[in-house]
Amino acid sequence: MENRTADEERRKKDAEEARESEIDNIERSGVSTAQNGEESFRCISIIGQIEGHYILPEGQKATKYEQIIPLLVSVEESRDVDGLLVILNTMGGDVEAGLALAEMIASMTKPTVSLVLGGGHSIGVPLATAAKRSLIVPSATMTLHPVRINGMVVGVPQSFRYMNEMQKRIVNFICAHSNARPEDVTELMMRPDQLATDCGSIIEGEEAVRYGIIDEVGGLDRALALLREMK
C-alpha cells in the first residue's frame, strides 16, 4: 500500500512538473502541444513583428525566428508529434527571416496547417501559404505590398535590383504554395489607391480565398479537422 501511494505521488508530481514546463514553454516561445489518446499536434504561434538580424525595441511584441527554427526541426523529427498548426497574427517584419521560416515550414513532411487570425500581413502572406493547407477566419486581413528597406540605402542600380529580385522570390513562393496567379499577386502589391502612405492592398478572408492565396475560410475546429485528415 505504501509503495502504491508513493508511486501515485510521484506520478502526480511528474504530471505537475510537465504542466509547469508546458506553461513556461508557451510563455517563452508561444509553443504548445494539443494531444489526446490518439494524436498529438504541435501549435506554434507567429505573433507581432518577426524579428530578424536586429533586436526590436522594448515593449514591441515580436517573434524571434532563431527560436522558431529549432522548434520546426523538433516537430519534423519527433515521433510523438503527428502534425503542426501555425497560428498567425503578424504585422510582418524581417523579410529574410520570414521567408526562411516559410521555406522551413514548406519543406516539412509532417502535416501542416496555417490559420490566420487577426492579420497575416506583409511577409506573413508567404508564411500563411507555406503550410500544406491554409485557413483564414472571416474577420482577418492580409496586406500585400512591395519589398521595402528601412535605413540608409545606397542609391545605385544594384540596390533596386536586389529589392526587385527579393520581391520576385516572394511572389514566386506565394504562387508556388497556393493557387494564386503571379499577375494577381503583383497587381495587389502595386495598387496605388488603397493604402494612405504606401502602395499595396488589404484583403479580407474571403478575398484571400477568392484570389487563391488561402485555401479556405475557417477557424480552429476546421484546422484541427484538416490535421486529422492529413495524419
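Numbering starts at 1 and runs along the sequence shown. The figures that follow rest on heavy atoms only: side chains count, while hydrogens, waters and symmetry mates do not. If you're wondering where the values come from, they're calculated on a predicted model, not measured in any experiment.
Closest approach of Ala128 to Ser134, counting heavy atoms only: O-CB, 3.4 Å. In terms of heavy atoms, Ala131 sits closest to Ser114 at CB-N, 3.5 Å. Here the closest heavy-atom approach between residue Gly212 and residue Ser178 is recorded as O-CB, 3.3 Å. When all heavy atoms of Ala223 and Leu85 are compared, the closest pair comes out as CB-CD1, 3.8 Å. Taking every heavy atom of both residues into account, Pro70 and Glu66 meet most closely at CD-O, 3.0 Å.
The main-chain N or O of Lys132 is found under 3.5 Å from a side-chain atom of Thr112 such that the two form a donor-acceptor pair. Within the 3.5 Å criterion, the main-chain N or O of Pro126 finds a donor-acceptor partner in the side chain of Thr129. Judged by distance alone, with hydrogens and angles left aside, the side-chain atoms of His177 form no donor-acceptor pair with the main-chain N or O of Ala130 at under 3.5 Å.
Distance check, rounded to the nearest 0.5 Å: CG of Asp198 to NE2 of His145 gives 6.0 Å. Of the inter-residue distances, the one linking Cys199 atom SG with Gln194 atom CD reads 11.0 Å to the nearest 0.5 angstrom. With values rounded to the nearest 0.5 angstrom, Ile123 atom CD1 is found 7.5 Å from Ile174 atom CD1. Annotation: the span from Lys231 atom NZ to Phe41 atom CZ amounts to 6.0 Å, rounded to 0.5 Å. Atom CD1 in Ile68 sits 9.5 Å away from atom CD1 in Ile50 (nearest 0.5 Å). Taken to the nearest 0.5 Å, the CG atom of Leu84 stands 8.0 Å off from the SG atom of Cys43.
Scored by the salt bridge (Lys or Arg N to Asp or Glu O under 4.0 Å) test, Glu165 finds Lys168 as partners (sequence neighbours excluded). With sequence neighbours left out, the side chain to side chain contact (heavy atoms under 4.5 Å, CB included) criterion links Ala62 to Glu51, Leu56. Listed by chain and residue number, nothing satisfies the salt bridge (Lys or Arg N to Asp or Glu O under 4.0 Å) test with Arg169 (two or more places apart in sequence, or in another chain).
Hydrophobic clustering (ILVMFWY, side-chain heavy atoms < 4.5 Å, transitive): Val95 and Leu101 are in one cluster. Hydrophobic clustering of Ile, Leu, Val, Met, Phe, Trp and Tyr side chains at less than 4.5 Å, counting indirect connections, unites Ile46 with Phe173. In terms of hydrophobic clustering, with Ile, Leu, Val, Met, Phe, Trp and Tyr side chains grouped at heavy-atom distances under 4.5 Å, Leu99 and Ile44 are assigned to a common cluster. One hydrophobic cluster, built from ILVMFWY side chains closer than 4.5 Å, holds both Ile214 and Ile203. Val116 and Ile47 fall into different hydrophobic clusters, where Ile, Leu, Val, Met, Phe, Trp and Tyr residues are linked whenever their side-chain heavy atoms come under 4.5 Å apart, directly or through other members.
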Applying side chain to side chain contact (heavy atoms under 4.5 Å, CB included), run through Ile87 and Leu117 and close with a yes or a no. CA-CA 7 Å; Ile87 303 291; Leu117 299 171; 3.6 Å; yes
Starting from the C-alpha separation in whole Å, work towards a yes-or-no answer on salt bridge (Lys or Arg N to Asp or Glu O under 4.0 Å) for Arg222 and Glu229. CA-CA 10 Å; Arg222 179 59 177 158; Glu229 290 175 8; 3.6 Å; yes
Hey, mind stepping through Ile213 and Ile136 against side chain to side chain contact (heavy atoms under 4.5 Å, CB included) and telling me if it holds? CA-CA 10 Å; Ile213 296 172; Ile136 186 170; over 6 Å; no
Is there a side chain to side chain contact (heavy atoms under 4.5 Å, CB included) between Leu127 and Ile105 once you walk through the steps? CA-CA 8 Å; Leu127 275 166; Ile105 295 170; 4.2 Å; yes
Apply side chain to side chain contact (heavy atoms under 4.5 Å, CB included) to the pair Tyr162 and Gln158, showing each step before the final yes or no. CA-CA 6 Å; Tyr162 168 80; Gln158 291 90 330; over 6 Å; no
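Counting heavy atoms of neighbouring residues, nucleotides and ligands inside a 6.0 Å radius, atom NZ of Lys61 does not exceed 12 of them. By the 6.0 Å contact criterion, CD on Glu216 is enclosed, its count of non-hydrogen atoms from other residues, nucleotides or ligands being greater than 12. Sparse packing is recorded around CD of Glu77, with 12 or fewer heavy atoms of other residues, nucleotides or ligands lying under 6.0 Å away.
Using a 4.0 Å cut-off between charged nitrogen and carboxylate oxygen, Glu76 and Arg42 do not count as a salt-bridge pair.
Side-chain contact between Ile69 and Tyr65 is present, with at least one heavy-atom pair separated by less than 4.5 Å. Put simply, the side chain of Thr143 does not reach to within 4.5 Å of the side chain of Val125, judged on heavy atoms. Using a 4.5 Å heavy-atom cutoff, the side chains of Ile170 and Val185 are not in contact.
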